[in-house]
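First the proteins, then the strands, lettered A, B, ... as listed; each starts at 1. Bear in mind the structure is a predicted one, so any value in this text is a computation, not a measurement.
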Amino acid sequence: MKDYRPVVYAAFCVLLLLAPFFLNAYWVDVLNNVGLYAILGLSLNIILGHAGLFHMGHAAFYAMGAYTTAIINTTYQIPVLWLMPISGLVAGVLALVIARPIIHLRGDYLLIVTIGLVEITRIALVNNIFGITGGSNGIFGISRPEIFGFRIRRPEHFFFLIWGFAAVTVFLFHRLENSRFGRALNYLREDETAAEGSGINTAHYKLIAFVVGAVWAGMAGNIFAAKMTIIAPESFNFWESVILFMIVLLGGRGSIPGVILGAFLIAGLPELFRQFASARMLIFGAIMIAMMIFRTEGILPPRPRRYPAPASGGGEGAS
Amino acid sequence: MSLLQLQNLTKRFGGLVAVDDVSFEVPQGAIVGLIGPNGAGKTTVFNLITGNYRPDQGDILFEGRSIRKLPTHKIVALGIARTFQTIRLFPKMSVLENVLAGCHCRTHAGAVAAMLRLPFQKREEAAALAEAHAELAFTGIEHYADQVAENLSYGNQRLLEVARALASRPRFIILDEPAGGMNDFETAALIRIIRRIRERGITVLLIEHDMNLVMEACEHLVVLENGANIAEGTPAQIQADERVIEAYLGVEED
Amino acid sequence: MKKMLLLVLLIGLLTVGSALAADPIRIGLMAPLTGAWASEGQDMKQIVELLAEDLNAAGGINGRQVRVIIADDGGDPRTAALAAQRLSTQNILAVIGTYGSAVTEASQGIYDEAGIIQVANGSTAIRLTEKGNPYFLRTCPRDDEQGLVGFKALKDGGFKAIAILHDNSSYAKGLADETRALLQKDGANIVFFDALTPQQNDYTAILTRMRAANPDVVFFTGYYGEAGLLLRQKMEMNWTVPFIGGDATNNPDLVKIAGPTAAAGYRFLSPPVPQDLDTPEAKAFMASYRNKYNAEPGSVWAVLAGDGFRVITKAIEATDSTDRDKIVAYLKNEMQDFPGLTGEISFDEKGDRVGDLYRVYEVNAEGKFVMLP
Amino acid sequence: MDFFLQQLTNGLAVGSIYALIALGYTMVYGVLKLINFAHGDLFAIGAYLGLTLLTAFGLTRFLGPLGVVIVLALMVMGLVAVVGAVLERVAYRPLRQAHRLSAVVSAMGASIFFQNALMLIYGARYKVYPHDILPKNVVSLLGVEVPLVRLLVLLTSVLMMVALYLFIQKTRIGTAIRAAAIDQRAAKLMGINVDRVIMIVFLIGPALGGAAGLMVGLYYGQINFTMGWMYGLKAFTAAILGGIGNIPGAMVGGLLLGVIEAMGAAYLSIAWKDAITFIVLIAILIVRPTGLLGERVAEKV
């Protein structure tokens with residue numbers, strides 16, 4: 001059978017690129033949300049999809065990035081986009097510190113601890129920890145980002161910022177997947193003992209998976225803060241983590257196209273159902289069950305990696 | 001000098017003494033068999049060597065250096081590779097990727113290098129691929145390279161574990177019942193492979209119940225019973241040893 | 001994915017198309033129809049829909065019908081920004097809502113840029129009207145105003161040891177902070193200040209601790225659900241300290257939850273609700289509401305959304321125009337003491353509601369709210 | 001000391017409800033290794049059904065308080081059990097062979113579905129149980145005044161837990177459940193109808209959850225459609241704390257969680273109460289990675 005996926009992907013990219021020229025501000029903003037969730041989903045995919053760690057606290061890292069941006073921007077007026085690497089770094093370092101003692105927990109025990117992490121983060125934000133998070137009011141007056149003097153303000157502008165960053169993410173994460181690092185994460189997901197026995201420092205890779213995921217979530221938090229200009233703790237609650245968790249699982253663990261599709265479904269479908277008003281989440285819940293039953297491994301599960309054929313027919317004994 | 005020395009190794013699980021004051025040495029370049037009835041503590045000894053378990057007493061020296069406290073992946077990096085009694089492959093990944101796992105500890109590229117595709121990362125990746133293919137060829141399963149590991153036959157899964165272990169460029173390899181589940185034809189091929197492993201300068205320590213294999217392949221045998229080392233010597237010596245015969249016969253009477 | 005996008009495109013085009021074809025005056029309502037504040041949002045929707053129906057039945061505004069377009073903000077800022085984007089593409093003149101200051105704030109800039117008048121109903125944070133945003137008004141009072149009322153009530157009561165409890169929501173926290181600051185300046189003795197976690201049913205641990213601080217009054221700034229439970233569990237503990245609450249407890253469900261015995265004597269500060277007003281507008285509204293929903297209106301915030309709708313339609317009628325600047329100018333400068341469902345309504349230049357709004361209510365022995373003189 | 005004892009009883013009462021819900025999580029987990037994220041919502045359904053049945057049949061007119069509670073409990077438990085079994089049949093059984101995380105998504109979908117169904121059927125406002133069903137007496141215990149109902153809640157939960165424990169340990173079905181929990185394949189080979197075992201687990205767990213919902217309704221009076229999330233999360237925490245899959249663990253975990261919460265609020269900070277609880281949980285798990293009573297088997301290599 002002919003592989004028509006490149007055609008589909010290309011068509012998707014073209015349609016997406018053209019979308020802001022045809023859609024109204026609302027639908028563009030829906031796509032912006034989808035894009036943000038896609039970036040977050042891809043970052044969680046490293047931890048949950050590739051390394052197989054049950055991490056249901058990703059919103060915590062997202063929050064750390066958003067708050068880092070908000071606090072520094074509103075106190076020192078440093079342009080928002082400059083803060084993107086700093087937000088990523090702060091989230092990454094905190095992830096390293098937090099994940100260190102809990103990394104050896106398995107499966108569902110890790111799950112509840114990461115839920116705890118997101119709850120502790122939210123409660124800390126609500127209680128205005130260190131007097132810098134603004135409590136439940138959050139932080140307001142975050143400035144709009146600027147690129148070469150161009151002020152990013154309208155949803156169409158953000159569309160290109162967000163999906164541009166998503167494209168960079170896809171590009172880099174695709175490389176990451178198809179590398180020694182990506183494989184190492186998969187080994188530890190498949191069988192931790194065998195991975196360690198093959199010489200892989202599993203604890204190290206778990207930590208790095210957390211850090212990479214957190215850095216990206218932190219940078220997504222930066223964009224989120226810039227887009228909203230106000231952030232509040234309720235945007236980073238446990239439910240937000242659950243949404244990200246579902247995006248990865250519904251789309252297909254370890255699959256980049258899957259996660260993006262997952263973001264479209266989880267962040268986009270409820271918007272399509274707005275006409276059902278109060279019943280929209282009910283329908284959404286039912287559809288989630290149905291989708292999982294019909295595609296048990298996610299809608300677009302990952303495809304096997306491809307490797308170049310060996311140069312010669314394979315020789316005798318390596319050493 | 002002996003490559004590996006076990007000194008008065010003891011391991012307890014609750015009240016059970018699984019390994020009781022075991023000492024033996026594995027000379028450089030040898031093929032040594034560790035035999036004994038089921039439950040004698042053979043696999044536990046392996047797990048102690050590879051750092052999966054920590055000994056309660058005693059020490060393990062590899063090339064004269066204690067590895068008792070090292071984590072498993074560091075022990076692999078020092079040059080000790082192993083296979084598992086209950087096959088532990090990465091079942092959903094391809095055969096080639098399983099072998100690449102072994103290459104891991106000899107390569108270095110991290111997450112950033114991978115994202116940027118640095119030149120050294122590309123070279124390293126190509127070299128690892130070549131090496132993985134070579135090990136598949138060495139064990140004779142190269143045409144399955146693109147298959148999913150769990151679809152291989154039992155015998156080939158065992159060989160794949162050997163290939164994965166070899167890909168870590170060990171100086172010492174530990175095979176835990178490598179012939180388990182193999183037919184006679186496959187076992188004969190395995191014996192040839194074990195010999196060729198030694199020819200590559202790799203010392204072999206194996207657990208095996210297939211006495212034909214043990215007697216044919218090993219130069220030196222260590223016999224465990226109830227966690228204790230009861231005899232040691234050449235296959236001929238062991239076959240004549242009263243205590244060994246008793247131990248094995250005693251088991252068969254049960 | 002491709003199909004999905006086409007669908008998105010199609011629906012997008014349809015909404016634009018239908019918006020352009022519309023003739024009636026379009027007014028948006030942004031409310032938390034789902035999520036943690038769904039009960040407030042559903043009440044807001046019921047009230048605004050009812051008012052619109054009644055208005056249209058009576059001939060609309062100067063002959064033009066009114067259409068209410070509803071968007072769910074889910075009670076969270078992100079969804080609210082989306083809802084605001086959606087409403088601003090719907091060709092609306094003004095929007096009512098929403099509930100929660102952070103949620104409102106996330107939508108403020110979007111409406112401002114789209115030139116849509118926003119009348120918030122449950123967003124009391126001071127800063128919302130301090131930004132110089134010309135099209136933003138609110139029918140609810142600000143935290144500092146209510147803080148002042150809270151302070152006066154506590155001071156007039158002659159309480160010596162005061163406990164303040166909030167729930168860490170931005171509204172309750174704001175009120176608690178304002179009141180505490182005023183009390184401290186006055187040299188009052190605050191023996192307890194902390195926040196409970198909403199929706200947890202069991203507050204005995206908190207009550208026990210609060211009791212140990214031995215206050216002679218408790219000022220609770222949170223919501224009626226928790227207030228009802230606190231009163232009920234307080235009674236079970238045989239603790240007789242008086243409770244005073246903020247306007248988020250102005251909801252008849254409070255008595256249902258606490259039970260009339262436990263609720264009796266409870267006081268709270270609130271703008272008046274239509275049940276207690278004898279203006280013809282309030283009476284007509286109550287009759288209509290009871291007739292349609294066979295219940296009493298819930299929280300005062302939902303009624304404030306109704307007032308938002310009423311002032312906007314009044315301004316359109318009075319100016320006979322859909323020009324935003326004229327409407328806002330009318331609301332801020334010309335409209336004086338408009339008979340609202342929560343008392344008389346006037347706005348100042350910032351868009352804040354002015355006037356002595358607050359009343360003190362007490363729950364009587366039958367469990368009815370009685371406005372104290 | 002009075003203060004401490006008072007807080008202890010406060011914590012135990014809350015904890016006994018957590019424990020009762022936690023049992024449902026832990027039983028399902030024991031057999032299916034599935035975290036039933038919809039379990040909290042089954043609990044909420046129990047609370048709502050209790051209210052509906054109570055007002056629909058006017059039970060209070062011809063039964064005493066005890067009679068009302070017992071009849072109501074039996075009806076609620078039966079109905080919620082049916083909902084649970086239907087949930088298993090529709091949302092989980094088709095995913096039995098799939099990766100265990102797939103069923104988690106299905107469970108979350110079910111949770112969203114139930115929660116919004118409750119909102120659509122009953123409305124978003126708080127619902128309130130009548131006040132006059134339970135006695136209002138206060139009893140004195142070790143010098144501490146405790147409402148009688150509070151003791152009854154604790155007592156009922158403990159009784160149910162003991163009954164469940166005996167059922168699991170002493171009956172044939174209980175043995176089958178334990179066997180299926182250890183190794184489903186082996187259980188099947190031994191002639192155990194695993195599908196039936198799972199069905200039974202999905203009857204008992206939700207029934208207990210429904211009973212807990214009814215208790216919350218009767219005792220606290222106030223219920224709302226989102227309550228399942230909060231209680232569900234707490235109960236899941238409790239199950240993990242005790243060692244998930246372990247029935248006495250769920251009881252211990254639940255009670256302990258309630259006490260930790262009460263003590264956190266009593267001696268540290270009320271606003272930080274839930275954060276303190278999670279920090280204690282994390283600390284416990286760092287020391288005992290499989291919970292308090294969870295099995296700690298050295299992994300077989």
Checklist line | Option in D:Phe225, D:Tyr129, D:Tyr219 with maximal non-hydrogen atom pairs under 4.5 Å from chain C | finding: D:Tyr219
For [X], which atoms come within 4.5 Å of any heavy atom of chain D: side chain, backbone, both, or neither?
{"X": "C:Ala38", "result": "both"}
{"X": "C:Ile206", "result": "both"}
{"X": "C:Tyr223", "result": "neither"}
{"X": "C:Thr208", "result": "both"}
{"X": "C:Asp167", "result": "neither"}
{"X": "C:Asn201", "result": "both"}

Counting C-beta onward and ignoring hydrogens, is there a side-chain heavy-atom pair between [X] and [Y] closer than 4.5 Å?
{"X": "D:Gln222", "Y": "C:Lys256", "value": "no"}
{"X": "C:Phe192", "Y": "D:Ile270", "value": "yes"}
{"X": "C:Gln200", "Y": "D:Lys234", "value": "yes"}
{"X": "C:Arg211", "Y": "D:Gln6", "value": "no"}

Checklist line | Basic-acidic side-chain contact under 4.0 Å: C:Asp194, D:Lys273 | finding: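 Between D:Lys273 and C:Asp194 there is no salt bridge, as every charged N stays at least 4.0 Å from the carboxylate O atoms.
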Inter-residue atom distance [X].[atom1] - [Y].[atom2], 0.5 Å rounding:
{"X": "C:Ile257", "Y": "D:Lys127", "atom1": "CD1", "atom2": "NZ", "answer": "11.5 Å"}
{"X": "D:Arg150", "Y": "C:Gln233", "atom1": "CZ", "atom2": "CD", "answer": "6.5 Å"}
{"X": "D:Tyr267", "Y": "C:Arg209", "atom1": "OH", "atom2": "CZ", "answer": "10.0 Å"}

Check: Which atoms form the tightest heavy-atom contact between C:Gly225 and D:Tyr126, and what is the distance?
Finding: CA-CE1, 3.6 Å
Checklist line | Shortest non-hydrogen contact from C:Ala205 toward D:Ala262 | finding: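 Nearest heavy atoms, C:Ala205 then D:Ala262: CB-CA, 4.0 Å.
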Check: Tell me, side chain or backbone of D:Val149 under 4.5 Å from chain C's heavy atoms, or both, or neither?
Finding: neither
Check: Is it the side chain or the backbone of D:Ser269 that comes within 4.5 Å of chain C heavy atoms, both, or neither?
Finding: both
Heavy-atom pairs under 4.5 Å with chain D - which of [options] has more of them than the others?
{"options": "C:Glu40, C:Arg232, C:Glu236", "answer": "C:Arg232"}
{"options": "C:Ala258, C:Gly228, C:Gly41", "answer": "C:Ala258"}
{"options": "C:Asp43, C:Asp202, C:Leu207", "answer": "C:Asp202"}

